Amino acid sequence: MGHSNVKRRVVAAALPLTLLAAGSAQADLDTVRFGVPPWPGVTVKSEVASQILEAMGYQTQQSELAVGVILNGLANDDLDVYLGGWYPIEEEMIEPLVADDKVDKVAKNISNANSGLVVPEYVHEAGVNSVADLDRYKDRFNGEIQGIEAGTGINDAILAAIDEDAAGLGDWQLRESSTSAMLAYADQRISDKQWVTFVGWEPHWMNVSYDLYYLEDSDDSGTADILSTVWTVVPADLKSKDANLYRFLSQYQVDIEAQNDWVYEYSHEERPADEVASEWIRDHYDTVAQWLDGVTTKDGSPAIDAVKAQLGS
């Protein structure tokens, strides 16, 4: 993808939604408008989809916006695609819009993503399988759980488990900081083969950088073995407007391992999203062909052939 496309997208992301909407009446579905929260996984996932769609003859526009603004844009036909509908976290925001026939959940683009307390694999091999095992080795963990930003759901669940002495955690401490600070601390401990337990989730680059074990839950603590699904959300009338686009989106389902790699390259290695996306597409045409089964370009030719012609081998 050329640099001009990157610049166009950055400019689009800086525009308020009202200005984007002002030009949307002429766009129809010649232009596919993505709402993208500032999350690395959704950023690259949206870029991969955009490059495929551009090879199919669509224009694309990616706008970095807050989740609430994105969902409002979908409901009002000011946006066309949101690839970050995280359940159960966003369920209470999205389901009322589904019930009111404002939006449609097209597909689970990520399924069974795990989150919760993790330990390095060498700690697991030493006997730590579940949250209940942590307290047996409290001294080796310094009685600390490493958390992320205060007020997040997983931190609140850990604090509740401590308050209720679930799984023996009553005399433990949660060290709240930030995602980057938590991972920096974990990196130091892992480098020294020290014991540490912290908040992990999929997809994320931590799963590429470290050999991690996701703990099993115990005493219904709510601190581990939390499964999430990420939905593709579109306006309710998208299928009737563009069945071909809808078919692609319904088949655009990403392996967690692939998105872990995307996030690692983009967020950890700090490579541009368009480079990460185009390189991955070229290396995984078999997967892209599955996404494009029965999908055509704007002029009716097989979409996978157009993608290969556009991006090369």
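Because the structure is predicted, anything quoted here is derived from the model rather than measured.
- Nearest heavy-atom pair across Pro120 and Val196 is CD-O, 3.2 Å.
- The cluster map of Ile, Leu, Val, Met, Phe, Trp and Tyr, joined by side-chain heavy atoms under 4.5 Å apart, puts Trp262 and Trp201 in different clusters.
- By the side chain to side chain donor-acceptor pair (under 3.5 Å) test, Asp299 is found to be paired with Thr297, Ser301, residues two or more places apart in sequence or in another chain being considered.
- In this view, Ser228 and Trp86 satisfy the side chain to side chain donor-acceptor pair (under 3.5 Å) rule, not counting sequence neighbours.
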Report the C-alpha distance between Gln62 and Glu47 in whole Å, list the side-chain angles of each, state the deciding distance to 0.1 Å, and finish with yes or no for side-chain contact (heavy atoms from CB on, under 4.5 Å). CA-CA 8 Å; Gln62 297 177 49; Glu47 179 64 28; 2.9 Å; yes
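- Ser278 OG to Gln310 CD: the interatomic distance, rounded to the nearest 0.5 Å, is 10.5 Å.
- Not a single donor-acceptor pair under 3.5 Å links the side chain of Asn260 to the backbone N or O of Val208.
- Looking only at side-chain heavy atoms (C-beta outward), Glu202 and Tyr214 come within less than 4.5 Å of each other.
- Formation of a donor-acceptor pair under 3.5 Å by the Arg247 side chain with backbone atoms of Asp293 is found in this model.
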Start with the C-alpha gap between Val131 and Leu134, add the side-chain angles, then the distance that decides, and say whether side-chain contact (heavy atoms from CB on, under 4.5 Å) holds. CA-CA 6 Å; Val131 177; Leu134 293 174; 4.2 Å; yes
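- Between the Gln51 side chain and the Asp274 main chain, a donor and an acceptor come within less than 3.5 Å of each other.
- With contacts defined as side-chain heavy-atom distances shorter than 4.5 Å, the pair Trp280/Val44 does not qualify.
- Between Leu245 and Tyr58 there is a side-chain heavy-atom pair separated by less than 4.5 Å.
- The salt bridge (charged side-chain N to carboxylate O under 4.0 Å, His left out) analysis of residues 224-237, with sequence neighbours excluded, yields the pairs Asp237-Lys241.
- Two residues are said to be in side-chain contact when any heavy atoms from C-beta on lie closer than 4.5 Å; Asn207 and Leu212 meet this criterion.
- Here the side chain of Tyr246 pairs no donor or acceptor atom with the backbone of Val234 at under 3.5 angstrom.
- Side-chain contact between Gln259 and Lys45: present, with at least one pair of heavy atoms (C-beta onward) separated by less than 4.5 Å.
- Evaluation of the ring-ring contact (aromatic ring centres under 6.0 Å, His included) test over residues 294-313, restricted to residues two or more places apart or in two chains, returns none.
- Gln61 and Thr31 share no donor-acceptor pair across their side chains, judged by distance under 3.5 Å alone.
- Scanning for side chain to side chain donor-acceptor pair (under 3.5 Å) contacts around Tyr266 gives an empty result, with sequence neighbours left out.
- Ile158 CD1 to Leu169 CG: the interatomic distance, rounded to the nearest 0.5 Å, is 9.0 Å.
- With hydrogens and angles ignored, the 3.5 Å screen pairs a side-chain donor or acceptor of Asp80 with a backbone N or O of Arg33.
- Cluster annotation: Ile110 and Trp205 are assigned to distinct hydrophobic clusters (Ile/Leu/Val/Met/Phe/Trp/Tyr, side-chain heavy-atom contacts under 4.5 Å, transitive).
- Hydrophobic clustering, with ILVMFWY side chains joined whenever heavy atoms are under 4.5 angstrom apart, keeps Ile256 apart from Ile154.
- Looking only at distances, a side-chain donor or acceptor of Trp291 sits under 3.5 Å from a matching main-chain atom of Gln253.
- By the 6.0 Å contact criterion, CG on Asp100 is enclosed, its count of non-hydrogen atoms from other residues, nucleotides or ligands being greater than 12.
- The structure places CG of Leu311 at 6.5 Å from CZ of Arg282, a figure rounded to the nearest 0.5 Å.
- The salt bridge (charged side-chain N to carboxylate O under 4.0 Å, His left out) contacts involving residues 139-166 comprise Glu144-Arg175, where partners must be two or more places apart or lie in separate chains.
- With rounding to the nearest 0.5 angstrom, the OG atom of Ser209 is 9.5 Å from the CD1 atom of Ile190.
- At a threshold of 4.5 Å between non-hydrogen side-chain atoms, the residues Leu79 and Leu65 count as touching.
- In this structure, the separation between CD on Gln290 and CD1 on Ile304 is 10.0 Å, given to the nearest 0.5 Å.
- Pairs of residues two or more places apart, or lying in two chains, that qualify as ring-ring contact (aromatic ring centres under 6.0 Å, His included) and include a residue from residues 158-188 are Phe141-Trp172.
- The side chain to side chain donor-acceptor pair (under 3.5 Å) check on Asp255 picks up nothing, with sequence neighbours excluded.
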Could you go through the side-chain contact (heavy atoms from CB on, under 4.5 Å) check for Phe248 and Gln251 one step at a time? CA-CA 5 Å; Phe248 163 61; Gln251 296 172 174; 5.8 Å; no
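- Using cut-offs of 30° and 60° for the angle between ring planes, the Tyr264 and His268 rings count as parallel.
- The closest donor-acceptor contact from the side chain of Asp261 to the backbone of Ala258 lies at 3.5 Å or more, if one exists at all.
- Residue Thr43 comes nearest to Pro37 through the heavy atom pair OG1-O, 4.0 Å, listed as atom of the first residue, atom of the second, then distance.
- The shortest non-hydrogen separation linking Ser46 to Val36 is OG-CG2, 3.7 Å.
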Take Ile52 and Met56, measure what side-chain contact (heavy atoms from CB on, under 4.5 Å) needs, and give me the verdict at the end. CA-CA 6 Å; Ile52 291 170; Met56 291 163 56; 3.9 Å; yes
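- The backbone N or O of Val295 sits nowhere less than 3.5 Å from a side-chain atom of Asn244 that would complete a donor-acceptor pair.
- Both Val230 and Leu74 sit in one connected hydrophobic cluster of ILVMFWY residues. Membership requires side-chain heavy atoms under 4.5 Å apart, directly or through other members.
- Each side-chain hydrogen bond (donor to acceptor under 3.5 Å, both in side chains) pair with one or both residues in residues 190-199, not counting sequence neighbours, would appear here, but there are none.
- A distance of 13.0 Å separates CD1 of Ile281 from NZ of Lys308, quoted to the nearest 0.5 Å.
- Side-chain N or O atoms of Asp219 include one that pairs as donor or acceptor with a backbone N or O of Ala167 at under 3.5 Å.
- Taking both residues in full, the closest heavy atoms of Met206 and Val199 are given as CE-O, 4.1 Å, listed atom of the first, atom of the second, then distance.
- The shortest distance between side-chain heavy atoms of Leu29 and Leu238 falls below 4.5 Å.
- For Trp39, there are no ring-ring contact (aromatic ring centres under 6.0 Å, His included) partners, not counting sequence neighbours.
- Sparse packing is recorded around NZ of Lys102, with 12 or fewer heavy atoms of other residues, nucleotides or ligands lying under 6.0 Å away.
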All N/O donor-acceptor pairs, side-chain side in residues 88-98, below 3.5 Å, sequence neighbours left out:
unit_1, atom_1, unit_2, atom_2, d
Glu90, OE1, Tyr82, OH, 3.0
Glu90, OE2, Tyr82, OH, 3.0
Glu95, OE2, Tyr87, OH, 2.5
Glu95, OE2, Lys105, NZ, 2.8

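- Neither Val263 nor Leu83 shares a network with the other; the hydrophobic side chains, linked directly or stepwise wherever heavy atoms of I, L, V, M, F, W or Y lie under 4.5 Å apart, form separate groups for each.
- Counting heavy atoms from C-beta outward, Tyr252 and Val106 have side chains that stay 4.5 Å or more apart.
- Residue pairs meeting the side-chain hydrogen bond (donor to acceptor under 3.5 Å, both in side chains) criterion with at least one member in residues 112-124, sequence neighbours excluded: His124-Asn129.
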